[in-house]
Amino acid sequence: MTYKSDELKVSKKTVVFFDICSSTALLEDLLRSENLVRWRNLLIQLKVFLRKRGKRIECQPYKFQGDGWVLLFPRETSAGTLFEFLRDLTREYCITYKNNIEPVLDGDVPTAPGLTFGIDCGDLIEVKMNQTWEYIGRPLNVAARLESAVGSGDEKDRKENKGLILNSAYQKLMENGPSGLKTTVVNRTLKHVNANNRLRCRLIDFAN
């Protein structure tokens, strides 16, 4: 456990929250048809992808949230490297969904599979709790709220396979290396962030 006398350890990270769209509806459908094993296998497939592909760019799968993960990347990761990884993760999910989940669905569930992402950069405090390193800091809170806000704008496009990143964080990633993905400038209100005032963000489409 970390003690008060320990030196404060701060890490500069890029934080990514991602979530599986319509997971509750999908789980209910799979439960009724006794196909929950397929959902477990889908999660295992995503875990394998994160470990194998993520190792190349020092992606740390920090926490599993039940229907998504919190990922940590080195602060010096470029926009191109990060966005390409998230685009490939999106494709991996969509292919696995189409092949293993969609064929056994019965109910009126969304036919467009997808993930949503929230991204931010900044300092995280490292704290050891119960023999496990935990992280505390604003980027975690902001990334989580950005992920939740992906579908809350006026845009008519689907929210599946989209991500939000604060404009300032986007510029920091671009300084490390450009990205080939187009972004759209949007405004979002994030609960308990910036006094609930609207923030300038970038909307990224990882399906293209």
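Remember, it's a predicted structure, so these values are computed and weren't measured experimentally.
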Salt bridge (Lys or Arg N to Asp or Glu O under 4.0 Å) pairs touching residues 74-84, sequence neighbours excluded, are none
Could you tell me whether a side-chain N or O of T77 sits under 3.5 Å from a main-chain N or O of P74, the two making a donor and an acceptor?
yes
**OP:** Identify whether L190 and V15 are in the same connected component of the hydrophobic contact network (ILVMFWY, side-chain heavy atoms under 4.5 Å).
**Re:** no
Can you list the steps and then say if T14 with L173 is a side chain to side chain contact (heavy atoms under 4.5 Å, CB included)? CA-CA 9 Å; T14 295; L173 289 176; 3.7 Å; yes
With sequence neighbours left out, the residues meeting salt bridge (charged side-chain N to carboxylate O under 4.0 Å, His left out) with E134 are K63
| said: A side-chain contact here means heavy atoms from C-beta on lying under 4.5 Å apart; do F73 and I57 qualify? | reply: yes
Contacts satisfying side chain to side chain donor-acceptor pair (under 3.5 Å) that involve residues 139-148 (not counting sequence neighbours) are T116-E147
Anything under 30° is parallel, anything over 60° is perpendicular, the rest tilted; go ahead and classify W69 against F64. tilted
Contacts of D205 meeting side chain to side chain donor-acceptor pair (under 3.5 Å) (sequence neighbours excluded), chain-then-number -> N208
Taken in chain and number order and not counting sequence neighbours, the residues that satisfy ring pair (Phe, Tyr, Trp, His ring centres under 6.0 Å) with F117 are F18, F206
Here the gap from C94 atom SG to L89 atom CG, rounded to the nearest 0.5 Å, amounts to 9.5 Å
Members sharing I95's hydrophobic cluster, built from side-chain contacts under 4.5 Å between Ile, Leu, Val, Met, Phe, Trp and Tyr, are none
CD1 (I119) and CG (L82) are apart, to the nearest 0.5 Å, by 5.5 Å
Working for side chain to side chain contact (heavy atoms under 4.5 Å, CB included), residues L146 and C201: CA-CA 9 Å; L146 284 166; C201 307; 3.9 Å; yes
Identify whether V10 and M129 are in the same connected component of the hydrophobic contact network (ILVMFWY, side-chain heavy atoms under 4.5 Å). yes
So CG of L86 and CG of L71: to nearest 0.5 Å the spacing works out to 7.5 Å
Whether the side chain of S22 engages the backbone of A25 through a donor-acceptor N/O pair (distance < 3.5 Å, no angle test) should be reported.
no
Heavy-atom closest pair (E160 atom, P113 atom, distance to 0.1 Å) is CB-O, 3.9 Å
Those residues at least two apart in sequence (or on a different chain) that pass salt bridge (charged side-chain N to carboxylate O under 4.0 Å, His left out) with R32 are D29
| Short side-chain to backbone donor-acceptor contact, R188 and A149, under 3.5 Å | yes
query: Could you walk me through whether L105 and L26 pass the side chain to side chain contact (heavy atoms under 4.5 Å, CB included) check?
result: CA-CA 8 Å; L105 295 178; L26 293 170; 3.9 Å; yes
>> Under the criterion side-chain hydrogen bond (donor to acceptor under 3.5 Å, both in side chains), I'd like the reasoning laid out for N100 against R38: C-alpha separation, chi angles, the key distance, then a yes or no.
In response: CA-CA 7 Å; N100 299 289; R38 290 179 179 248; 4.8 Å; no
Which pairs would a plain distance check flag for residues 47-56, meaning a side-chain donor or acceptor within less than 3.5 Å of a matching protein atom at least two apart in sequence or in another chain?
{"from": "R53", "atom 1": "NH1", "to": "D88", "atom 2": "OD2", "distance (Å)": "3.3"}
{"from": "R53", "atom 1": "NH2", "to": "D88", "atom 2": "OD2", "distance (Å)": "3.0"}

Contacts satisfying ring pair (Phe, Tyr, Trp, His ring centres under 6.0 Å) that involve residues 181-203 (not counting sequence neighbours) are none
When every non-hydrogen atom of N187 is compared with those of R200, the smallest separation belongs to OD1-CA, 3.7 Å
Quick note, salt bridge (Lys or Arg N to Asp or Glu O under 4.0 Å) partners involving residues 9-21, not counting sequence neighbours, are K9-E126, K12-D123
In terms of heavy-atom contacts, P139 and L124 come closest through CD-CD2, 3.9 Å
*Identify whether V16 and M174 are in the same connected component of the hydrophobic contact network (ILVMFWY, side-chain heavy atoms under 4.5 Å).*
yes
Report task. Using the side chain to side chain contact (heavy atoms under 4.5 Å, CB included) rule, take F17 and Q65 through it: C-alpha gap first, then chi angles, then the decisive distance, then the call. Result -> CA-CA 9 Å; F17 264 70; Q65 302 282 89; 3.8 Å; yes
In short, ring pair (Phe, Tyr, Trp, His ring centres under 6.0 Å) pairs touching residues 170-189 with sequence neighbours left out are none
CG of L72 to OG of S11, rounded to nearest 0.5 Å, is 9.0 Å
Closest non-hydrogen atoms of S179 and F83, given as atom of the first, atom of the second and distance, are OG-CD1, 3.1 Å
Side-chain heavy atoms of L30 within contact of I101, under 4.5 Å = yes
Those residues at least two apart in sequence (or on a different chain) that pass side chain to side chain donor-acceptor pair (under 3.5 Å) with S33 are N35
One should read off an interatomic distance between E102 CD and T96 OG1, to the nearest 0.5 angstrom, of 12.5 Å
Rounding to 0.5 Å, atoms CG (D120) and CG (L140) come to a distance of 9.0 Å
Q.
Quick one, N41 and I44 - any side-chain contact, counting heavy atoms below 4.5 Å?
A. yes
Worksheet entry | Under 3.5 Å donor-acceptor, Y62 side chain and Y135 backbone | yes
- prompt: Can you check whether I20 reaches L115 side chain to side chain, under 4.5 Å on heavy atoms?
  reply: yes
- Please report the C-alpha distance between D67 and S23 in whole Å, then the side-chain angles of each, then the deciding distance to 0.1 Å, and finally whether the side-chain hydrogen bond (donor to acceptor under 3.5 Å, both in side chains) criterion is met. CA-CA 7 Å; D67 56 359; S23 59; 2.7 Å; yes
